[in-house]
Amino acid sequence: MTSTAGGAGQLLAISDLHIGYPENRALVEAMRPETDDDWLLVAGDVSENVADICWALKTLASRFRQVVWAPGNHELWTHPSDPVALRGVARYEHLVSRCRDLGVLTPEDPYAVWEGPGGPVAVAPLFLLYDYSFLPPGCTTKEEGLAYAHETGIVCNDEYLLHPDPYPTREEWCRARVAETERRLAALPDGLPVVPVNHYPLDRHPTDVLWHPEFAMWCGTRLTADWHRRFRVATMVYGHLHIPRTTWHEGVRFEEVSVGYPREWRGRSQPPGRLRRILPSEDVER
Ligand SMILES: [Fe+2]
Ligand SMILES: [Fe+2]
């Protein structure tokens, strides 16, 4: 298991770097740790282009003591502009292998233990995907939900670009990932808290504020709704919604750490690209 050198250091987090935008690439170029022992958790959506993903992770890995990555939906897109045309599981495994070359931890590695301030905690990058179980109000099946989304015009590009091969559907890929991840989390030592790093929130509540509620179908799965209690979650780190904020659910801190698109962050009062401190805990209001 990987562990910190001890002493100082912070567990920091960010997501949704979307470095295809030059303004966002510049944010990564400027990103630096505050101490030599800082770790950085990257909760997906670095880019949809493999060369860009590797550039960002390599840049960050050269500066932070340890970088931990979980894939977002954009990394898993097979975008026509990317020379790497791999699909589904093969694309994910290719990214994992590139991360190994860079010393970046992925959901396929043993969970590292953060032993710096606020530790020890297991740092668990997760790849769970979604299964369309966060349905819009009034809908009871995926088919009804998708029909409604097509009516409103709010349909995630995953429908056209995120291929589940060799799984027949994204939801079957999700269920396989959930089953395997549940087994691994259950095998952690009793009493060791966990910081899960997943592109999507483990519980549905953060999607309650979505402007278009039907988009929640592409934002997680009900299968993980009790994981924050079952697995002693210290703080749940996620992104994807592009709504950076802290929420508390049944006593557990959920931290949305996204940067988002320039058109989104330009309107905010906080400077863009700020790394969110996960441990030691920030003074956040419940
Ligand atoms: Fe994103
Ligand atoms: Fe995303």
Side-chain angles (χ1 to χ4, degrees), residues 13-28 31 40-50 52-53 55-57 60 68-79 81-82 87-88 91-92 95 106-107 125-134 149 154-164 170-171 173-174 177 196-221 224 236-245 254-268 270 272-276:
I14 196 91
S15 75
D16 299 81
L17 296 168
H18 292 292
I19 64 160
Y21 293 88
E23 302 94 318
N24 281 25
R25 192 180 178 98
L27 296 175
V28 172
M31 244 164 228
L40 184 63
L41 314 176
V42 180
D45 278 6
V46 173
S47 167
E48 42 283 319
N49 175 289
V50 170
D52 278 352
I53 297 164
W55 171 83
L57 292 176
L60 296 168
V68 179
W69 167 82
N73 52 318
H74 281 241
E75 279 96 335
L76 298 171
W77 284 2
T78 305
H79 198 278
S81 67
D82 189 352
R87 294 160 63 108
R91 186 174 184 87
Y92 172 61
L95 290 166
T106 77
L126 308 182
F127 170 39
L128 300 176
L129 217 52
Y130 52 81
D131 64 358
Y132 303 86
S133 55
F134 292 174
I154 303 301
V155 177
C156 184
N157 278 329
D158 292 4
E159 294 299 309
Y160 314 105
L161 296 170
L162 201 167
H163 308 294
R170 282 173 290 278
E171 54 269 41
W173 193 6
C174 168
R177 294 293 319 183
V197 183
N198 189 45
H199 191 52
Y200 309 103
L202 292 180
D203 176 73
R204 182 177 181 160
H205 79 272
T207 68
D208 292 347
V209 297
L210 285 174
W211 191 256
H212 300 287
E214 57 273 33
F215 190 74
M217 281 188 289
W218 295 277
C219 297
T221 166
T224 58
M236 204 270 116
V237 176
Y238 70 101
H240 183 61
L241 302 184
H242 295 200
I243 307 173
R245 62 178 181 144
F254 281 64
E255 198 67 45
E256 209 277 14
V257 299
S258 65
V259 173
Y261 302 127
R263 66 172 182 272
E264 295 169 322
W265 57 250
R266 267 192 216 106
R268 296 190 186 125
Q270 286 277 7
R274 187 177 71 96
L275 304 178
R276 304 297 291 271

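First listed ligand is number 1; within each ligand, the first listed atom is number 1.
- Each of T78, L161, L76 was evaluated against R87; a single residue qualifies, T78, per the side-chain contact (heavy atoms from CB on, under 4.5 Å) test.
- When D82, D52, L17 are each tested for a side-chain contact (heavy atoms from CB on, under 4.5 Å) with S47, only one passes: D52.
- Salt bridge absent: E75 and R91 never bring a charged side-chain N and a carboxylate O closer than 4.0 Å.
- Summary: ND1 is the N/O/S atom of H240 found nearest to the Fe ion (ligand 2).
- Checking H74 against the Fe ion (ligand 1), every N/O/S atom stays at or beyond the 2.8 Å cut-off.
- Taking the six-membered ring for Trp and the full ring otherwise, W173 and F127 have centroids separated by under 6.0 Å.
- Put simply, the side chain of E256 gets close to the backbone of L241: a donor and an acceptor are under 3.5 Å apart.
- Within H242, the N/O/S atom positioned nearest the Fe ion (ligand 1) carries the name NE2.
- Looking at D45 and the Fe ion (ligand 1) together, the shortest N, O or S contact belongs to OD2.
- Taking 2.8 Å as the threshold, N73 counts as a candidate ligand of the Fe ion (ligand 2), since one of its N, O or S atoms lies below it.
- The name of the N, O or S atom in D16 nearest to the Fe ion (ligand 1) is OD2.
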